[in-house]
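The structure under discussion appears below in the form of structure tokens.
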Amino acid sequence: MLLQVEDLRKRFGRRVAVDGVSFSLDVGEIVGFLGPNGAGKTTTMRMIAGYLEPDDGRVRVFNIDVAQDRARAQQRLGYLPEGAPLYGEMTPWTFLRFIAETRGMSKDKARVAVRRAAQDASLGEAIERPIESLSKGYRRRVGLAAALLHDPMLLILDEPTDGLDPNQRTSVRDLIRRLGKERGLIISTHSLEEVEAVCTRAIIINDGRIVADARPAELAAREGGLEAAFRTLTGGEKAA
Amino acid sequence: MTSLLAVYRRELLSYVTTPTAYVFVAVFLFAIGLFTFQVGGLFESRRVDLTPFFAFHPWIFMVFLPAVAMRLWSEEARSGAIEVLMTLPAPTWALVAGKFLAAWTIAAAALVLTAPLWVTMNILGDPDNAAIFTAYLSSLLMAGAYIAIGSAMSALTAAQVVAFVLAVLVAFLFTAMGLPMVSDFFRGAMGGGFAEAIARLSILHQFDAAQRGVVEIRSVFYFLTLIATFLGFTALAVDARRGA
Ligand SMILES: Nc1ncnc2c1ncn2[C@@H]1O[C@H](COP(=O)(O)OP(=O)(O)OP(=O)(O)O)[C@@H](O)[C@H]1O
Ligand SMILES: [Mg+2]
């Protein structure tokens, strides 16, 4: 099992952001996290990536408890934070070198890893330009390359296609599909069409809880389309 | 160790590629010159030693180094890049130490840039160069303490200006604990013995002998303790973010 999440809980002050989330993930699965704004997708992913500590519950990556052995778990996963924050004054090349070396790679290994990841994320010419001068889509790809650097088996990508143009979106989806063949991925997205196109499994989160966990096709068949399923399960009928 | 060096290099690179650090160093050099000659009266004293120069280091560092250190953690939190940093499998202490050492390197560079003064002294007369050299080393060590304070305050807030103001306040407290106006306050509040003890714990007191080129193990230990304490505090504050 790549990832086991058990009864994860997190509150911010009085606000309960994640309220008992459990699921597990195997190689070959591409899970799509769906849910309205503020549902708790990012918070859940942050706890899996070891950025936030859960108030309760457990995350295990390759059977390593993230709370007990965070660094070892983090070596085995790649994480793209929401909005892909980066260091603007660096170029993708120096930034990725920095990530690789901070991950403990030697200079030679880092150079090879950066070349490979830059190619996978199709950075192209952009690799030599300051990050702050890049378009949103290219920044997202730099973040993606950073998550792929150490060739992890588990990838947690928070809105990987947000802000990409249709061409870039297609190429990132192809990449995700390709990666998903021998890895496990969780991607969050607001695009239902994307879930249908790339995910082998959809998890819908509402108010910090999982309200559906099924194959996208199954879910769509049950409710008459994925969009209808999303609306019914997240209480958005009235707005529609 | 690889992570520490990677963080150090990145931080240093961002210091030298943004104009802010140059401005701070320029203001530092200007201020130290102004104080040394105008207030300290270096040439009027007709002695060839640098005591009037070193005497102002605590006061100028107190403002200059919080300005250098304020971005260390605040900027990461503001831009969100801290999420990238904290999801890398590197121990917090390596991140803290790497950043600290980068800022310390800027302080060292600023000190090196005051060397023309030292050269001038040697042209004008025959100063005690060994004493001046050790005073420089003590000053560098003291700079580390101010940067550690700045680093800790920077880890508390995403606003650089707030980090700066907090750091100057804390730095002032540690610098001036021995001054009459401060120790009188403590004497009134807690009694004479306490005021004495507090005075001995001030940076001014600890740097007093050092600026004349005398190395006291006690003072070295004092500055190292300050550095370790505030870096430990930085690591705690950084790790506390995971709980929030
Ligand atoms: N650091 C924080 N401090 C306080 N509240 C927070 C914090 N992070 C998240 N929250 C709150 O937790 C809840 C869940 O937020 P989260 O970012 O996980 O939602 P999300 O599903 O990712 O939403 P979106 O689709 O908008 O990205 C929200 O109500 C949010 O306001
Ligand atoms: Mg989110």
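Only this structure's heavy atoms are used, side chains among them; waters, hydrogens and symmetry mates stay out. Within every chain, numbering begins at 1; the chains are lettered A, B, ... in the order of the sequence lines, protein sequences first and strands thereafter.
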Give a yes or no on whether a salt bridge exists between A:R209 and A:D19, defined as a side-chain N under 4.0 angstrom from a carboxylate O. yes
When A:T161 is tested against each of A:R169, A:E194, A:R140 for side-chain hydrogen bond (donor to acceptor under 3.5 Å, both in side chains), which residue passes? A:E194
Above 12 or not: heavy atoms from other molecules or residues under 6.0 Å from CZ of A:F23? yes
Under 4.5 Å, heavy atom to heavy atom: which of residues 149-156 of chain A reach chain B? Give them by number, or say none. none
Determine, for A:R60 against A:E6, whether the closest basic-nitrogen to carboxylate-oxygen distance falls under 4.0 angstrom. yes
Per-residue contact mode, B:S14 against chain A (heavy atom under 4.5 angstrom): both
Under 3.5 Å, side-chain donor or acceptor atoms of residues 28-35 of chain B against the rest of the protein: list the pairs with distances, not counting sequence neighbours.
none

Relative to chain B, which segment of A:M90 carries a heavy atom at a distance below 4.5 Å: side chain, backbone, both, or neither? side chain
Given heavy-atom pairs under 4.5 angstrom as the criterion, report whether the side chain, backbone, both or neither of B:E75 touches chain A. neither
Go through the steps to decide whether A:T42 and A:E82 satisfy the test side chain to side chain donor-acceptor pair (under 3.5 Å), and finish with yes or no. CA-CA 7 Å; A:T42 296; A:E82 187 170 31; 2.9 Å; yes
Partners of B:L101 by side-chain contact (heavy atoms from CB on, under 4.5 Å), sequence neighbours excluded? B:L4, B:Y8, B:W104
Close approach to chain B in residues 69-80 of chain A, criterion heavy atom under 4.5 Å: A:R70, A:A71, A:Q74, A:Q75, A:Y79
Ring-face cation of B:R10 near A:Y87 (centre distance under 6.0 Å, axis angle within 45°): yes
Is the Lys NZ or Arg CZ of A:R141 less than 6.0 Å from the centre of A:Y138's six-membered ring, within 45° of the axis? yes
Are the side chain of A:R116 and the backbone of A:L148 linked by a donor-acceptor contact shorter than 3.5 Å? yes
Counting C-beta onward and ignoring hydrogens, is there a side-chain heavy-atom pair between A:L25 and A:M1 closer than 4.5 Å? no
